[in-house]
Amino acid sequence: MSNSEQTLSIIKPDAVERNLESNIVDIFTKSGLQIVNKKKIHISKDEASSFYEVHQSKPFFNDLCNYLSSGPIIVMILKGENAVKKNREIMGSTDPKMAAPGTIRKLYGISIDKNSVHGSDSLDNAKKEIKFFFE
Ligand code: IDP
Ligand code: MG
């Protein structure tokens, strides 16, 4: 049975700054995820706060929003079989120190806050996040 999905991926400022776009895109495409849309943008702190709204009560919320708006990011729609789960597996754990070998966060993440990529955590959130950046 085919279960093609779309999910949202973001290459965060720390990875854009280090020119890791093509390395990260290669990891996705080699794993069978297709990039159906991609753009480089620089969002405001208000936009970052709106995107990360679910985390507004967390102690790291302010830093998180400052960080995501600190420089250019690359937002992408990934498409493929079980794309939401597959993207999360390819990304690795939130904390790069805990991430499995070969994952993007293990390869490139600097710290829990500068962890190089974002990925939607459910199909529902994927739809909302794609809408947020692409509609
Ligand atoms: P995720 O990106 O793996 O889905 P979330 O729990 O949704 O992780 O957190 C969103 C982002 O907030 C993380 O990617 C990370 O950059 C940041 N973050 C999460 N937990 C912490 C923390 O304990 N300290 C600082 N930043 C954090
Ligand atoms: Mg998350």
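Numbering starts at 1 and runs along the sequence shown. First listed ligand is number 1; within each ligand, the first listed atom is number 1.
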Where is the nearest protein heavy atom to [atom]: which residue, which atom, and how far?
atom                    : value
atom 16 (O) of ligand 1 : I112 O, 3.1 Å
atom 1 (P) of ligand 1  : T94 OG1, 3.6 Å
atom 22 (C) of ligand 1 : F60 CD2, 3.5 Å
atom 11 (C) of ligand 1 : L64 CD1, 3.8 Å

Residue portion contacting ligand 1 (non-hydrogen atoms closer than 4.0 Å) for K114: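 Answer for K114: neither.
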
Part of H55 with heavy atoms under 4.0 Å of ligand 1, whether side chain, backbone, both or neither: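 H55 to ligand 1: side-chain contact only, backbone stays beyond 4.0 Å.
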
Could you tell me if [Y] and [X] have a donor-acceptor pair between their side chains, going purely by distance under 3.5 Å?
X    : Y    : result
N115 : Y108 : no
D113 : S111 : yes
D14  : S116 : yes
K85  : N3   : no
E21  : N19  : no

Element-labelled atoms of ligand 1 that are located less than 4.0 Å from some non-hydrogen atom of D113: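 Those qualifying, in numeric order: 16 (O).
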
Subset of ligand 1 atoms that lie under 4.0 Å from at least one heavy atom of N115: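 Close to N115: 13 (C), 14 (O), 15 (C), 16 (O).
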
Atom NZ of K40: over 12 foreign heavy atoms under 6.0 Å: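 Open.
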
Whether over 12 other heavy atoms sit under 6.0 Å from K114 NZ: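 No - once you tally the heavy atoms of other residues, nucleotides and ligands closer than 6.0 Å, there are 12 at most.
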
Short N or O distance, R88 and ligand 1, threshold 3.5 Å exclusive: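 It does: an N or O of R88 is found under 3.5 Å from an N or O of ligand 1.
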
N or O pair under 3.5 Å between G119 and ligand 1: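 N/O-N/O distance under 3.5 Å: no.
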
R105, M91, H118: member with heavy atom nearest to atom 2 (O) of ligand 1: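 Result: the heavy atom closest to atom 2 (O) of ligand 1 is in R105.
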
Aromatic plane relationship, H118 with Y52 - under 30° parallel, 30 to 60° tilted, over 60° perpendicular: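 Geometry flag for H118 against Y52: perpendicular rings.
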
